[in-house]
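Only one structure is covered here, and it is reproduced in the block below.
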Amino acid sequence: MNNSTENKKELICRPIGYISSPYEDVKSAPRCGAEAPPEQEAFMEIDSQFSEAMNGMTAGKQYMILFWFDRCGPVKQTVPYHRTGPMTGLFSTHAPARPNPIGVSVVTVTRIEGQKVFFTGVDMLNGTPVLDIKNA
């Protein structure tokens, strides 16, 4: 495979919406969705241009939210495993500071009101940009 610079493509991501979450900083947020309090609800407000793309989304189902870690620190190639364990290569972890800081969480939709999709399993910070939503 030829990896010359002329064949490399620029990737552009644009948010489809934003998360409204009770978590304002990394220290207050659960480390992952599985550790989120089951009663804690958040919502993502999807841009109206994607209304049609929301057809078929239903309460009670699980979805993967792909989002941008917009407030992570500098990228380090080795990080402590689960924050306090042995140093491990970044690609073997879920650490947020990545070359392309894309996060993914599986959430359960509780209700949908217009462009707002309410869910549990929230581990994202308030204002986090949403890149995509996929059926889990």
Side-chain angles (χ1 to χ4, degrees):
M1 181 175 197
N2 184 351
N3 285 328
S4 70
T5 333
E6 64 215 36
N7 291 331
K8 294 187 180 180
K9 298 178 180 175
E10 179 180 2
L11 303 175
I12 299 171
C13 291
R14 291 187 178 85
I16 62 165
Y18 292 88
I19 301 287
S20 182
S21 156
Y23 306 117
E24 295 293 339
D25 57 58
V26 175
K27 290 180 181 178
S28 67
R31 188 173 65 212
C32 65
E35 294 180 4
E39 70 283 352
Q40 184 63 65
E41 191 177 63
F43 69 87
M44 54 185 151
E45 187 155 11
I46 307 303
D47 191 291
S48 61
Q49 69 178 318
F50 299 109
S51 293
E52 192 175 338
M54 294 174 63
N55 288 340
M57 289 185 75
T58 58
K61 288 186 72 176
Q62 289 190 317
Y63 294 87
M64 292 184 291
I65 301 176
L66 284 82
F67 56 93
W68 196 262
F69 284 116
D70 61 325
R71 285 162 268 178
C72 62
V75 176
K76 295 179 182 168
Q77 292 194 42
T78 56
V79 296
Y81 188 72
H82 288 289
R83 294 185 183 162
T84 59
M87 294 302 282
T88 306
L90 176 66
F91 297 150
S92 296
T93 73
H94 289 269
R98 314 186 73 77
N100 293 299
I102 298 169
V104 62
S105 291
V106 176
V107 303
T108 301
V109 170
T110 55
R111 67 186 189 280
I112 300 171
E113 298 175 0
Q115 298 303 117
K116 292 182 181 178
V117 179
F118 292 81
F119 62 91
T120 57
V122 59
D123 60 350
M124 310 87 164
L125 300 181
N126 191 41
T128 295
V130 177
L131 300 177
D132 202 358
I133 304 166
K134 297 176 184 271
N135 187 5

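Owing to the predicted nature of the structure, the values given are computational and were not obtained by experimental measurement.
Taking all atoms of both residues into account, the shortest heavy-atom contact from C72 to A97 is SG-CA, 3.7 Å. Closest of all the heavy-atom pairs between G85 and P80 is O-CB, 3.6 Å.
Under the 4.5 Å side-chain criterion, counting only non-hydrogen atoms from C-beta, K76 is not in contact with T78. A 4.5 Å side-chain heavy-atom check between M54 and V117 finds at least one atom pair inside the cut-off. In this structure, I112 and M57 have side chains that are in contact, with non-hydrogen atoms separated by less than 4.5 Å. Using a 4.5 Å heavy-atom threshold, the side chains of D47 and Y18 count as separate. Residues V75 and R98 form no side-chain contact, since every pair of their non-hydrogen atoms from C-beta on lies 4.5 Å or further apart. Contact of the V130 side chain with the L66 side chain is not registered, since no non-hydrogen atoms from C-beta on lie closer than 4.5 Å. Residues E113 and F118 are in side-chain contact: their nearest non-hydrogen atoms beyond the backbone lie under 4.5 Å apart. The side-chain heavy atoms of W68 and I102, taken from C-beta on, include a pair separated by under 4.5 Å.
When hydrophobic clusters are built by joining Ile, Leu, Val, Met, Phe, Trp and Tyr residues whose side-chain heavy atoms come closer than 4.5 Å, directly or via intermediates, F43 is not grouped with V107. Tracing side-chain contacts under 4.5 Å through hydrophobic residues (I, L, V, M, F, W, Y), one reaches F91 starting from V79; they form part of the same cluster. No continuous path of hydrophobic side-chain contacts links Y81 to V26 [ILVMFWY only; heavy atoms under 4.5 Å].
Between the side chains of S51 and Q115, at least one donor-acceptor pair of N or O atoms lies under 3.5 Å. A side-chain N or O of D123 and one of S105 form a donor-acceptor pair less than 3.5 Å apart.
Considering CD1 of I19 and CZ of F67, their distance stands at 7.5 Å, rounded to 0.5 Å. One distance of note links CD of E24 with CG of N126; it measures 4.5 Å at 0.5 Å rounding. The line from CG of D132 to CZ of F50 is 9.0 Å long, rounded to the nearest 0.5 Å. Atoms CD1 and OH, from I133 and Y63 in turn, are 9.0 Å apart once rounded to the nearest 0.5 Å. Taking CD of Q49 as the start and CZ of R14 as the end, the distance is 10.0 Å to the nearest 0.5 Å. Atom CG of residue L125 and atom CG of residue D70 lie 7.0 Å apart, to the nearest 0.5 angstrom.
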*For N135 and M64, what are the C-alpha separation, side-chain angles and deciding distance, and is it a side-chain contact (heavy atoms from CB on, under 4.5 Å)?*
CA-CA 6 Å; N135 187 5; M64 292 184 291; over 6 Å; no
*asked:* Does R111 form a salt bridge (charged side-chain N to carboxylate O under 4.0 Å, His left out) with E41? I'd like the steps, not just the answer.
replied: CA-CA 10 Å; R111 67 186 189 280; E41 191 177 63; 2.8 Å; yes
*Show the numbers, then the answer: is there a side-chain hydrogen bond (donor to acceptor under 3.5 Å, both in side chains) between Q40 and T120?*
CA-CA 6 Å; Q40 184 63 65; T120 57; over 6 Å; no
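At most 12 non-hydrogen atoms from other residues, nucleotides or ligands lie less than 6.0 angstrom from CD of E52.
Looking at T88, its side chain does come within 3.5 Å of a backbone N or O of P86 through a donor-acceptor pair.
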